[in-house]
There are 2 protein chains.
Amino acid sequence: MRVKQIADALDISVDTVRYYTRIGLLVPNKSHNGYKYYRPADVTRLRFILSARALGFSVNDIKEILVTSSQTNAPCPTVRRLIEKRLKETVQRYQDMHELRERMRLATSEWQNKPDQPPTADTICHLIEGFTALKS
Amino acid sequence: MRVKQIADALDISVDTVRYYTRIGLLVPNKSHNGYKYYRPADVTRLRFILSARALGFSVNDIKEILVTSSQTNAPCPTVRRLIEKRLKETVQRYQDMHELRERMRLATSEWQNKPDQPPTADTICHLIEGFTALKS
DNA sequence: ATAAACCTGTGAGCCGCTCACAGGTCAACA
DNA sequence: TGTTGACCTGTGAGCGGCTCACAGGTTTAT
């Protein structure tokens, strides 16, 4: 299989496959003309990578999991440890996004009653600089 | 003011100030020895940048707002248009984060009852590949 | 004068792709 | 046999928003 075939098979872009190949997550064979050929084992591997990405693992996490699984017997302890870490980060980012969303909504609603104004010497946009929720 | 002074004054890192300077959001004077000197107007500007970032504007948005405010009279229409766009993105990312968080939580709870297992010919980590919520 | 602490700008690196581009391959047709 | 043209290839660079490493300049204390 060449890059387009494997990409189409798993419904991702060729660039993503090439990226994973470039960073060593996938290791296809090289033919005489420099084209990269992917075997069934690479399909399994890529499917695994996509599943792991969908669970919030970083590509470095995945590299670590793949190395562990090729060296020792069970990558599971590594997987359990890593998802714990990534879950914490995800919770944090989720909260951050929530706060940002509320801030943005508050701003837009507050701005409905405010007129446009030209900048002054010490104000660039009075909407942004005057937004109450940013006052510390 | 040199970079450290302005950074300390607004409680951000020198690297962030330098980054904004590098991309042209801040335009300090250069002294004979190449050091960059920031004036009070730059402090106003930087404060504006930080407020806008806290409202979800990208640095490119901010560049556009600054250009608009220096050319025409009121940057407010631009600001209103841009926050609309960014808010939509933020809502989307918030939802994505929510789904990811739930997926991760489901996985960890499902994995509590599953043993560690070594990889097989077509399985790298049975926890990840066997996770039910990823089955399409 | 000199030593140490601190500060400076520049260049590169980070993540996870995505895009631009020059050139290679291959089937259809003349 | 030649040739057009569609499609495919790998490589290198670019994105955002910083952050880090580093060599060298400046300032302060002795």
Side-chain angles (χ1 to χ4, degrees), chain A residues 1-38 42 45-46 48-66 82 85-86 89-90 92-93 96-97 100, chain B residues 1-38 42 45-46 48-66 82 85-86 89-90 92-93 96-97 100:
Chain A
M1 284 175 110
R2 295 189 307 206
V3 65
K4 182 150 199 320
Q5 289 177 281
I6 193 170
D8 285 353
L10 297 191
D11 203 32
I12 58 176
S13 78
V14 289
D15 284 320
T16 299
V17 177
R18 290 206 260 245
Y19 170 64
Y20 292 151
T21 306
R22 204 159 354 188
I23 63 173
L25 288 190
L26 294 172
V27 188
N29 303 23
K30 277 186 187 171
S31 81
H32 66 289
N33 56 9
Y35 284 18
K36 299 177 171 80
Y37 282 84
Y38 298 86
D42 295 315
R45 214 176 159 87
L46 181 48
F48 169 78
I49 294 168
L50 297 177
S51 300
R53 292 287 300 128
L55 274 171
F57 293 97
S58 73
V59 293
N60 269 335
D61 292 344
I62 295 170
K63 197 175 280 186
E64 187 178 342
I65 294 166
L66 286 172
L82 286 174
K85 199 164 91 186
R86 296 299 168 211
E89 293 171 6
T90 301
Q92 182 62 58
R93 285 201 288 145
D96 292 347
M97 293 305 296
L100 176 58
Chain B
M1 283 176 110
R2 295 188 308 207
V3 63
K4 183 155 198 317
Q5 289 175 281
I6 193 171
D8 286 353
L10 297 191
D11 203 33
I12 57 176
S13 78
V14 288
D15 284 320
T16 299
V17 176
R18 289 206 263 244
Y19 169 64
Y20 292 150
T21 306
R22 198 153 8 180
I23 64 174
L25 288 191
L26 295 172
V27 188
N29 303 23
K30 276 186 186 171
S31 81
H32 65 290
N33 57 10
Y35 284 17
K36 298 174 171 87
Y37 284 82
Y38 297 86
D42 295 315
R45 213 175 159 86
L46 181 48
F48 169 78
I49 293 168
L50 297 177
S51 300
R53 292 286 300 127
L55 275 172
F57 293 98
S58 73
V59 292
N60 270 334
D61 292 344
I62 295 170
K63 198 175 280 185
E64 187 177 342
I65 294 166
L66 286 172
L82 286 173
K85 199 165 93 186
R86 297 300 167 211
E89 294 172 5
T90 301
Q92 181 62 56
R93 285 200 289 146
D96 291 348
M97 293 304 297
L100 176 59

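For the numbers below, each heavy atom of this structure counts, side chains included, while hydrogens, waters and symmetry mates do not. Chain identifiers are assigned alphabetically (A, B, ...) following the order of the sequence lines, protein sequences preceding nucleic acid strands; residue numbering begins at 1 within each chain.
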For the backbone of B/I23 and the side chain of B/K63, can you confirm whether one donor and one acceptor N or O come within less than 3.5 Å of each other? yes
When the nearest nucleotide of DNA chain C is assigned to A/T16 and to A/Y37 on a heavy-atom basis, which residue is associated with the more 5' position? A/T16
Heavy-atom nearest nucleotide on DNA chain C taken for B/V3 and for A/R18; more 5' hit belongs to B/V3
With no hydrogens and no angle check, is any side-chain donor or acceptor of B/T16 less than 3.5 Å from a backbone partner on B/I12? no
B/I62 CD1 to D/dC18 C1', straight-line distance once rounded to whole Å: 13 Å
Please determine whether any donor N or O and acceptor N or O are separated by less than 3.5 Å between the side chain of A/R22 and the base of D/dG12. yes
What is the distance from NZ of A/K30 to C1' of D/dT9, rounded to the nearest Å? 13 Å
Once you round it to whole Å, what is the distance between C1' of C/dG16 and CZ of B/R93? 14 Å
Whole-Å distance between C/dC17 P and A/L46 CG? 11 Å
Describe the nucleic acid contact of A/Y20 in one word from base, sugar-phosphate, nothing, applying a heavy-atom distance below 4.0 Å. sugar-phosphate
In whole angstrom, what separates B/I49's CD1 from D/dG16's P? 15 Å
Distance, nearest 0.5 Å, that separates CG of B/L82 from CZ of B/F57: 6.0 Å
Stepwise side chain to side chain donor-acceptor pair (under 3.5 Å) check, B/D15 with B/S13: CA-CA 5 Å; B/D15 284 320; B/S13 78; 5.0 Å; no
B/I23 CD1 to D/dG14 P, in whole Å, measures 16 Å
Can you find a heavy atom in the side chain of B/V59 that is under 4.5 Å from one in the side chain of B/Y19? yes
Please report the distance, rounded to the nearest Å, between OH in B/Y19 and C1' in D/dA21. 19 Å
Describe the nucleic acid contact of B/R53 in one word from base, sugar-phosphate, nothing, applying a heavy-atom distance below 4.0 Å. sugar-phosphate
With no angle test and no hydrogens, is the base of C/dC15 tied to the side chain of A/N60 by a donor-acceptor pair under 3.5 Å? no
Between B/D15 (CG) and D/dG16 (P), how many Å, whole number? 19 Å
Tell me which nucleotide among D/dT19, C/dT8, C/dG16 gets nearest to the side chain of B/Y35. C/dT8
Quick one: is D/dT11 close enough that its OP1 or OP2 comes under 4.0 Å of any side-chain N or O from A/K36? yes
It should be established whether A/N33 places a side-chain nitrogen or oxygen under 4.0 Å from OP1 or OP2 of nucleotide D/dT9. no
Which comes earlier along DNA chain D counting from the 5' end, the contact point of A/D8 or that of B/S58, where each point is its nearest nucleotide? A/D8
With DNA chain D as reference, determine whether A/K4 or B/R2 sits nearer its 5' end, using the nearest nucleotide of each. A/K4
